[in-house]
Asker: 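Just passing along the structure, written as structure tokens.
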Amino acid sequence: MARDADFVARFHLAYTYKRSTGPVIGRFLTSLREGRLEGVRTASGEVLVPARAYDPRDGRATTDAWVDVGPEGTITTWTWIDAPAAGAPLDAPFAWALVRLDGADTPMLHAVRGPRAAIATGARVRAVFADHREGGIRDLSCFEVIP
Amino acid sequence: MRPVHIAGIGQIPNVRGDTDHDEVQLVQAVASAALAEAGLHKDDIGFFCSGSSDYVMGRPFSFTMAIDGVGLWPPKRESHVEMDGAWALYEAWVRLQHGDVDTALVYAYGKGHGAPVDGMLTAQLDPYYEAPLGPSPMALAALQARALIDAGRLTERDLAEVVAHARRLGATHPGVPAIDGPLDVDALLDAPYVATPLRAHDEAVRTDGATAIVLSVGGGGPRIGGIAHCIEPIELGLRDLTAATSVRRAAAWAGLEQAGSIDVAELHATYSPQAVLLRQVLGLADAVVDPSGGALVADTPFVTGLSRIAEAARAVQGGAVRALAHASGGPCLQHNLICLLEAR
């Protein structure tokens with residue numbers, strides 16, 4: 001903790017560059033902007049969501065076969081956050097979860113809107129897209145539990 | 001393989017907020033102690049390797065400044081990893097296998113108390129799909145905890161028990177800051193959740209500190225019987241969070257199965273569910289686990305793993321026949337190193 005006598009130099013660290021998304025992640029994010037969810041088939045035949053240019057588990061390039069997935073899916077694990085941090089996907093208490101979209105073989109990390117009592121492993125959820133979308137993972141604003 | 005021994009150890013207490021020493025002073029203190037224990041002068045050392053983080057220090061190439069702590073002159077064979085110091089020790093062990101140098105000084109330093117370590121760790125996640133969402137390290141640890149609960153592998157009481165165990169042992173260890181909070185399992189279970197099923201005490205206490213180890217080929221001290229590391233994808237969705245696959249592989253590659261029974265184990269678990277999972281997959285039922293209190297009660301970022309090796313080596317110096325040290329990096333035990341230490 002800073003005491004009055006301390007000399008304090010404020011320093012703001014920022015990454016002030018654009019990052020290229022490439023053809024595979026770029027396509028996934030472009031589809032998100034259009035309100036669609038897509039996965040890519042790996043060399044071993046699984047549907048990877050979110051899509052990547054390679055499968056980190058075996059290092060092999062993914063194929064050019066794209067598969068529509070979701071917009072519904074299933075929670076595979078979750079945690080409830082009563083006090084969301086500034087900048088979290090949702091202002092109100094929410095869950096982080098891994099959600100496996102229908103048609104996908106791998107779950108993805110995202111936020112799930114409450115109520116808390118509805119959040120459970122195996123619960124069915126549906127994608128909620130942001131009104132304003134710009135080609136990033138937050139174009140998917142969260143998931144909501146299907147009543 | 002050339003036999004590599006731990007010839008000297010230098011440690012200072014982990015503290016909550018060290019405003020009296022800069023990083024150079026931390027390194028100087030532990031390096032001097034390790035060299036003195038080994039009976040060596042810094043000019044005798046053939047290779048230097050350190051582990052630290054520019055993000056913790058807040059400036060690029062920060063390790064080139066901290067090397068003042070071991071002296072810049074004469075010019076040194078030197079390397080650095082932007083990882084826990086346990087991986088600097090691994091690099092030094094590999095370097096000693098080359099055969100042209102026989103001694104190495106490994107050190108790690110960090111100031112985790114008050115540093116924005118959570119933000120740093122979140123920034124290390126996948127830059128397209130995970131980091132922009134901003135999950136805290138505790139939220140990710142909680143996803144693993146839930147997966148383990150769903151699989152019937154742990155209960156919330158198990159989590160409270162490993163925290164109580166860490167606090168009881170840490171309370172009497174000179175390297176651990178004063179324990180702040182209850183030692184009793186029921187009292188721990190009464191605390192509110194931060195990220196269900198985890199409570200604030202399920203996260204390690206972040207501290208400032210440093211550790212140094214002198215390695216020598218031959219000579220005295222605990223012998224490194226096996227050392228190996230293994231990494232999994234950073235994306236949680238591409239891993240079985242209940243399997244600890246890379247822990248098992250690192251242990252197998254280090255020769256754990258052939259090694260015989262482990263007397264003492266020191267584990268780098270910065271969240272309580274990791275401590276439970278590590279005990280399960282490493283089969284430590286008969287071992288004294290975390291006699292130092294472990295990472296949960298004193299977690300100095302980029303030092304904690306090297307400190308586990310130092311503590312395991314101390315256990316061998318104190319009479320244990322065989323000790324295991326574990327180091328980890330990344331979310332939910334993504335990257336793991338196992339170092340087996342044996343009495344000579």
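Here is how names work: the chains are called A, B, and so on, in the same order as the sequence lines, proteins then strands, and each is numbered from 1.
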Asker: What do you reckon, is CG of Asp64(A) surrounded by more than 12 foreign heavy atoms closer than 6.0 Å?
Answerer: no
Asker: Select one option (side chain, backbone, both, neither) describing which atoms of Ile149(B) are under 4.5 Å from chain A's heavy atoms.
Answerer: neither
Asker: Where do Arg52(A) and Leu238(B) come nearest, in terms of heavy atoms and distance?
Answerer: NE-CD1, 4.1 Å
Asker: Nearest 0.5 Å, please: how far is CD in Glu235(B) from CG in Leu48(A)?
Answerer: 8.0 Å
Asker: Give, as side chain, backbone, both or neither, the part of Ile234(B) having an atom under 4.5 angstrom from any heavy atom of chain A.
Answerer: neither
Asker: How about CZ on Arg16(B), more than 12 heavy atoms from neighbouring residues, nucleotides or ligands closer than 6.0 Å, or not?
Answerer: yes
Asker: Where on Leu29(A) is there a heavy atom nearer than 4.5 Å to chain B: the side chain, the backbone, both, or neither?
Answerer: side chain
Asker: Show your reasoning for whether side-chain contact (heavy atoms from CB on, under 4.5 Å) applies to Thr196(B) and Arg116(A).
Answerer: CA-CA 11 Å; Thr196(B) 63; Arg116(A) 175 175 176 160; 3.3 Å; yes
Asker: Is there a side-chain contact between Leu140(B) and Leu109(A) in this structure, where contact means two heavy atoms from C-beta onward sitting under 4.5 Å apart?
Answerer: yes
Asker: On a heavy-atom basis, which atom in Leu241(B) and which in Leu98(A) lie closest, and how many Å separate them?
Answerer: CD1-CD1, 4.1 Å
Asker: Strictly by salt bridge (charged side-chain N to carboxylate O under 4.0 Å, His left out), give each pair with a member in residues 133-147 of chain A just once, sequence neighbours left out.
Answerer: Arg113(A)-Glu144(A), Arg126(A)-Glu144(A)
Asker: Quick one: what part of Glu232(B) sits under 4.5 Å from any heavy atom of chain A, side chain, backbone, both or neither?
Answerer: neither
Asker: Counting only heavy atoms not in Asp91(A) (residues, nucleotides, ligands), do more than 12 fall under 6.0 Å from its CG?
Answerer: no
Asker: Report yes or no: does Thr79(A) contribute a side-chain atom to a donor-acceptor pair with the main-chain N or O of Ala139(B) at less than 3.5 Å?
Answerer: no
Asker: Can you tell which part of Ala97(A) gets under 4.5 Å to a heavy atom of chain B, answering side chain, backbone, both or neither?
Answerer: backbone
Asker: Got a sec, which residues hit ring pair (Phe, Tyr, Trp, His ring centres under 6.0 Å) with Tyr128(B), two or more places apart in sequence or on another chain?
Answerer: none
Asker: CZ of Arg100(A): more than 12 outside heavy atoms within 6.0 angstrom?
Answerer: no
Asker: Nearest 0.5 angstrom please: Asp150(B) CG to Thr76(A) OG1, how far?
Answerer: 9.0 Å
Asker: Select, from Ala147(B), Ala123(B), Pro192(B), the one with the greatest count of heavy-atom pairs under 4.5 Å involving chain A.
Answerer: Ala147(B)
Asker: Locate the shortest heavy-atom distance separating Pro89(A) from Leu133(B); write the atom from each residue and the value.
Answerer: CD-O, 3.5 Å
Asker: Who among Asp105(A), Ile81(A), Ile25(A), Thr21(A) has the most heavy-atom pairs with chain B under 4.5 Å?
Answerer: Ile25(A)
